[in-house]
Amino acid sequence: MDTDDDFYLRVAHALSGCQLVEQELKLYITEALELVNKCVAGKLPFSMNGEDYADASLERLIDIFRKLSSNPNLVTELRNFKKERNFLSHKGIAHCLDPDGELDYVTAAEFQNRLAAISPEAQRLRLAVHEEANKFRGHLWFDDESSAG
């Protein structure tokens, strides 16, 4: 590790992948609710939409995803990911500081392994959520629900 700035840039880069997981969950929820609305239109008032979850925490997004998905293994993986992401984003930097508030390079170097591991896991989970949504996207985009009934 070269400088403190290099460390903080690596943290930011690793955590940016975590943001993409959140964004993919928001997209999944939005599209799932659009499909529900499409299916119940004219039969039942339904005013839920993705904007209701625009500022939701990762934990809340995972809970809603659990209710709109039939993939409990992916939910478990997302919950485990959330725990690691929370440590890295909320406690990780403080964990790497010495009592004087300076970066402890030995601890920071160990922390780098966890940062390096979360990036590919975030990418894998983002794609898994995307593939889960692909199971219903055809119905959202192409089914004509106006005559269903």
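Excluded from the calculations below are hydrogen atoms, water molecules and symmetry mates; all remaining heavy atoms, backbone and side chain alike, are included.
When hydrophobic clusters are built by joining Ile, Leu, Val, Met, Phe, Trp and Tyr residues whose side-chain heavy atoms come closer than 4.5 Å, directly or via intermediates, Leu15 is grouped together with Phe81. Hydrophobic clustering (side-chain heavy atoms under 4.5 Å, transitive across Ile, Leu, Val, Met, Phe, Trp, Tyr) groups Leu44 together with Leu35. By the rule that hydrophobic residues join a cluster once side-chain heavy atoms approach within less than 4.5 Å of another member, Leu88 and Val106 end up as members of separate clusters.
Here the two rings, on Phe65 and Tyr53, have centers that are 6.0 Å apart or farther.
Using a 4.5 Å heavy-atom cutoff, the side chains of Arg126 and Gln23 are not in contact. For the pair Ile62/Arg66, no side-chain contact is recorded, criterion being any heavy-atom separation below 4.5 Å from C-beta on. Considering only heavy atoms from C-beta on, Asn49 stays 4.5 Å or farther from Asn37 through its side chain. Taking 4.5 Å as the limit, every side-chain heavy atom of Phe46 sits out of range of all side-chain heavy atoms of Cys39. Inter-residue side-chain proximity for Phe87 and Arg114 is flagged as met; some heavy-atom pair is nearer than 4.5 Å. Between Val75 and Asn71, the closest side-chain pair of non-hydrogen atoms is not below 4.5 Å. Lys26 is listed as a side-chain neighbour of Leu61, based on a closest heavy-atom distance under 4.5 Å. Looking only at side-chain heavy atoms (C-beta outward), Cys96 and Tyr105 stay at 4.5 Å or farther from each other.
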Requested in this report: Report the C-alpha distance between Asp63 and Arg79 in whole Å, list the side-chain angles of each, state the deciding distance to 0.1 Å, and finish with yes or no for side chain to side chain contact (heavy atoms under 4.5 Å, CB included).
Outcome: CA-CA 9 Å; Asp63 285 343; Arg79 286 184 174 149; 3.4 Å; yes

**Report entry** Audit row: Leu103, Asp98, side chain to side chain contact (heavy atoms under 4.5 Å, CB included) steps and yes/no
**Finding:** CA-CA 6 Å; Leu103 190 61; Asp98 66 20; over 6 Å; no

Requested in this report: Could you please spell out the steps behind the side chain to side chain contact (heavy atoms under 4.5 Å, CB included) verdict for Asp143 and Lys38?
Outcome: CA-CA 9 Å; Asp143 285 358; Lys38 181 178 180 179; 4.2 Å; yes

Query raised in the report: Can you check side chain to side chain contact (heavy atoms under 4.5 Å, CB included) on Trp141 and Phe136, steps first, answer last?
Result: CA-CA 9 Å; Trp141 295 338; Phe136 67 78; over 6 Å; no

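Taken from NE2 in His13 to CD1 in Ile118, the straight-line distance is 13.0 Å, to the nearest 0.5 Å. Atom CD of Glu84 and atom CG of Leu115 lie 8.5 Å apart (nearest 0.5 Å). Here CE of Met48 is found 9.5 Å from CD1 of Ile29. Values are rounded to the nearest 0.5 Å. For the atom pair CG of Asn134 and CG of Leu140, the computed distance is 11.5 Å after rounding to the nearest 0.5 Å.
Here the closest heavy-atom approach between residue Ala32 and residue Leu68 is recorded as CB-CD1, 4.0 Å. Pairing each heavy atom of Asp52 with each of Ser47, the nearest pair is OD2-O, 4.2 Å. Pairing each heavy atom of Cys18 with each of Ala122, the nearest pair is N-CB, 4.0 Å. In this structure, Gly50 and Leu33 approach most closely via the heavy-atom pair N-CD1, 4.1 Å. For the pair Ser70 and Glu132, the tightest heavy-atom approach, listed with the atom from each and the gap, is N-OE2, 4.3 Å.
Taking the charged nitrogens against the carboxylate oxygens, Glu22 and Arg85 do have a contact shorter than 4.0 Å, which makes a salt bridge.
More than 12 heavy atoms of other shown residues, nucleotides or ligands fall within 6.0 angstrom of atom CD in Gln123. Within 6.0 Å of CG on Asn113 lie more than 12 heavy atoms contributed by other residues, nucleotides or ligands.
Looking at residues two or more places apart in sequence or on another chain, you find a ring-ring contact (aromatic ring centres under 6.0 Å, His included) between Phe111 and Phe7.
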